[in-house]
2 protein chains.
Amino acid sequence: MSRGTVSRYVNGERYVSAAARESIEAAIVKVGYVPNTAARNLVMQRSQAVGFIVHEPHALFVEDPNIGEILLGANTALSEADHQMVVLIVDSERDTDRVARYLSGGFVDGVIIVSARANDPISRVVERLAVPAAYVGHPPGASTASFVIIDNSGAARAITERLIGTGRQRIGMIAAALDRDSGADRLAGFTAALGDRFDERLVEAVPLYSYSAGRDGMQALLERAPDIDGVFAASDAVAAGALEALRAAGRRVPDDVGVVGFDDSAWAKRTLPALSTVRQPAAGLGRQAALLVLDQIRGVSAPNEMLLDSAIVWRDSA
Amino acid sequence: MSRGTVSRYVNGERYVSAAARESIEAAIVKVGYVPNTAARNLVMQRSQAVGFIVHEPHALFVEDPNIGEILLGANTALSEADHQMVVLIVDSERDTDRVARYLSGGFVDGVIIVSARANDPISRVVERLAVPAAYVGHPPGASTASFVIIDNSGAARAITERLIGTGRQRIGMIAAALDRDSGADRLAGFTAALGDRFDERLVEAVPLYSYSAGRDGMQALLERAPDIDGVFAASDAVAAGALEALRAAGRRVPDDVGVVGFDDSAWAKRTLPALSTVRQPAAGLGRQAALLVLDQIRGVSAPNEMLLDSAIVWRDSA
DNA sequence: TTGTAAGCGTTATCAT
DNA sequence: ATGATAACGCTTACAA
């Protein structure tokens, strides 16, 4: 039998006689044949794989439960579409170059990108190669890629308003990651909610959505404005850190100061007191991003955008 | 110029004249040429990529900081060796099959496997294909692969002994993941440390290294043995859950009951009180696993094993 | 120093 | 229903 026949058999096409089928099966076990997908990809010009690019600062990747959730959501959707998700971690300059080469190598038919920053080299490569792409969050620059977002600004505004509603007078914010749209938008929502009452001395900007940044930020806020009685932390991890600083300073939560977070991640239910926060559909973000790339890969649709709902969860911290 | 010359230029070999170099460079920018790595791999028979296979129950992948740390450690080492790390997530039956196909496709030159369970289909594929492999933890079955471990049993024994040393009389354990070597070994160490004083009614087995499993396990233990005054939780997440149950039951930690964990993950420093625990060199495990596969890929050495040190960290919970 | 040509393991298009 | 044969985009002798 010829390679052609074997190929047909392996791909389950019709027109393979029982006799051929049998001898092929025998040969396969005898030789221990496994199809070489790389060769197939070369001729097929597709890989049935989608990259998931994570470009987070070290600490955050480890402690942010959101990204794990997004990852799993994306994997589920890709798996259902019989695509392999390969996650690529960008943790250094070298990584950037290598990942760029990987993408041009035709190893993936599309990519999902989380937390890209303005002027991200990876984004530029993706755009130049015209690889189907979907961002979780706003794409940097004037990209033509798809993206999924939540209304960070609106949600921040809503939760701040509820904080106001509980009678807090001196409300501050620990703003994080202002170089990303999510961070900037949350601050914008906070500002909008406060209106006239906004006092810039009550906002402390920290670099990362991290526990330690939250602790430090709260400390700074307490020094600058000891009369603070409410704080919106840009994420649950930040809020958890703030809680520690508050505790160290002898302030009771929510009695002396109310605090609210953002994400409804694993942190939220496990801090003491449990956090009032914004629920973010992390797995849904991943899933939708996956569906958006798949659409582009299939040529079904042009790049598209999508807004997912978030909701306020009221617990004990405010 | 011919393909051959271009190939030589691209791979930075010698014997390329200045004239040729120039016209090639011009052509490259003009056409926007990017090498197709898939084609190169096909002829070279290697991919310069190493798979990192994660096969964790859903919840754990999201909330276990260890795995993130291992991932990052491995990525650093692979990156230094100019290899692309691709992480493959196994979260369903379909995933298993797809990942197996991916491996046979020649997309990776080797694999790092975390938390494989006995009789793992992925492990069988890896073995059959004779892909260079390194496990973090003991490989299941009589594998010929490399692996990196810590002395789970010895560390468990040591921390239990220190718990005894603080005068606790009724010491129990929340044992987790007994179907994995790490879980089983920690229980063995605990048992050994207690010797005659071991009371099987004081150990509660839970399925996962998770917060909720810890909460439930502690509850069960409190019901069965209200006089318990010390507990070794199989991981920090489990310990954190146990702390919640203890708090709910009105027990003070460490006054009424001392608790110790395992891992020294992000949990440990952030629970109240902070956890006494075993420090596990998570990033180091990842790094060493990477080096072990790289060695095999280069044919430098046969499969090998490696033991990394752990240490006890004494904080406030016991 | 450069060009030529074989070959990597598949799929796809033809004849047969 | 099956066998040739030409791609796919690259590396690598070997010849020029």
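Sequence lines set the chain letters: A, B, ... in the order given, protein chains first and strands last, and positions in each chain run from 1.
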Undergrad: What does Y9(B) touch in the nucleic acid at a heavy-atom separation under 4.0 angstrom: a base, only the sugar-phosphate, or nothing?
TA: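 Answer is nothing: Y9(B) stays at 4.0 Å or more from every strand.
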Undergrad: Whole-Å distance between dA4(D) C1' and R3(A) CZ?
TA: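 Going from R3(A) (CZ) to dA4(D) (C1'), I get 10 Å.
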Undergrad: L42(B) or G4(B): which one's nearest nucleotide on DNA chain D is closer to the 5' end?
TA: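 Per heavy-atom nearest nucleotide, the more 5' residue is L42(B).
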Undergrad: Determine the minimum heavy-atom distance between G183(B) and Y209(B), stating which atoms define it.
TA: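 That would be N-OH, 3.1 Å.
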Undergrad: Establish, from distance only, whether the side-chain atoms of D95(A) and S79(B) form a donor-acceptor pair under 3.5 Å.
TA: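 A pair is found: one side chain offers a donor N or O, the other an acceptor, under 3.5 Å apart.
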Undergrad: Can you say whether the rings of F107(B) and Y102(B) are parallel (under 30°), tilted (30 to 60°) or perpendicular (over 60°)?
TA: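 Taking Y102(B) first and then F107(B), their aromatic rings lie parallel (interplane angle under 30°).
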Undergrad: Give a yes-or-no answer on whether the side chains of Q296(A) and S146(A) include a donor-acceptor pair shorter than 3.5 Å.
TA: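 Yes.
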Undergrad: Rounded to whole angstrom units, what separation is found between the CG atom of N36(B) and the P atom of dC8(C)?
TA: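 The answer, rounded to whole Å, is 18 Å.
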Undergrad: Which sits closer to the 5' end of DNA chain C, S17(B) or V43(B), going by the nucleotide each is nearest to?
TA: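 Its nearest nucleotide being more 5', the pick is S17(B).
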Undergrad: Let me check the geometry of the helix from dT1(C)-dA16(D) to dT16(C)-dA1(D). What is the bend angle between the axes at its two ends, five pairs each, to 10°?
TA: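 That helix gives 40° between its end axes.
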Undergrad: Please determine, for the side chain of Y33(A), which listed nucleotide (dT2(C), dT10(C), dC10(D)) has the closest atom?
TA: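 Of all the options, the side chain of Y33(A) is nearest to dT10(C).
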Undergrad: For dT11(C), take OP1 and OP2 only and decide whether either is under 4.0 Å from a side-chain N or O of N11(A).
TA: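 For dT11(C), OP1/OP2 do have a side-chain N/O of N11(A) under 4.0 Å.
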Undergrad: Could you say whether Q45(B) or R8(B) is positioned toward the 5' end of DNA chain C, judged by the nucleotide with the nearest heavy atom to each?
TA: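 Mapping each residue to its closest nucleotide by heavy atoms, the 5'-most match is R8(B).
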Undergrad: Does V10(A) reach a base, just sugar-phosphate, or nothing at all? Heavy atoms under 4.0 Å.
TA: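 Touches nothing.
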Undergrad: Under 3.5 Å, is there a donor-acceptor pair between the R287(A) and N75(A) side chains?
TA: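 Judged by distance alone, the side chains do not pair up.
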Undergrad: Reckon R40(B) has a side-chain N or O less than 4.0 Å from the OP1 or OP2 of dT11(D)?
TA: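 Answer yes for this pair, as a side-chain N or O of R40(B) is under 4.0 Å from OP1 or OP2.
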Undergrad: Tell me: CZ of R46(B) to P of dC10(D), nearest whole Å?
TA: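 Going from R46(B) (CZ) to dC10(D) (P), I get 15 Å.
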Undergrad: With a cut-off of less than 4.0 Å, is there a side-chain N or O of T5(B) near OP1 or OP2 of dT2(C)?
TA: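 It does not, given that no N or O in the side chain of T5(B) lies less than 4.0 Å from OP1 or OP2 of dT2(C).
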Undergrad: Less than 4.0 angstrom between a side-chain N/O of S2(B) and OP1 or OP2 of dT4(C), yes or no?
TA: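 For dT4(C), OP1/OP2 do not have a side-chain N/O of S2(B) under 4.0 Å.
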Undergrad: Any side-chain donor paired with an acceptor under 3.5 Å for D109(A) and S47(A)?
TA: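 A donor-acceptor contact under 3.5 Å links the two side chains.
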Undergrad: Pull out every residue in residues 100-110 of chain A that has a heavy atom closer than 4.0 Å to any atom of DNA chain D, ordered by number, or say none.
TA: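 Listed by number, there are none.
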Undergrad: With Q280(B), which residues qualify under side chain to side chain donor-acceptor pair (under 3.5 Å), at least two apart?
TA: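 Partners of Q280(B) under the side chain to side chain donor-acceptor pair (under 3.5 Å) test: D263(B).
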Undergrad: Verify whether one side chain among T144(A) and E127(A) offers a donor that lies under 3.5 Å from an acceptor in the other.
TA: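 Looking only at side-chain atoms, E127(A) and T144(A) do not form any donor-acceptor pair under 3.5 Å.
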Undergrad: Could you state the CG-C1' distance from N41(A) to dC8(C), rounded to the nearest angstrom?
TA: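 For the pair N41(A) CG and dC8(C) C1', the rounded distance is 14 Å.
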Undergrad: Ignoring hydrogens and angles, tell me if any N or O in the side chain of S7(B) forms a donor-acceptor pair with the backbone of R3(B) under 3.5 Å.
TA: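 No, the answer is negative, given that no donor and acceptor are paired below the 3.5 Å cut-off.
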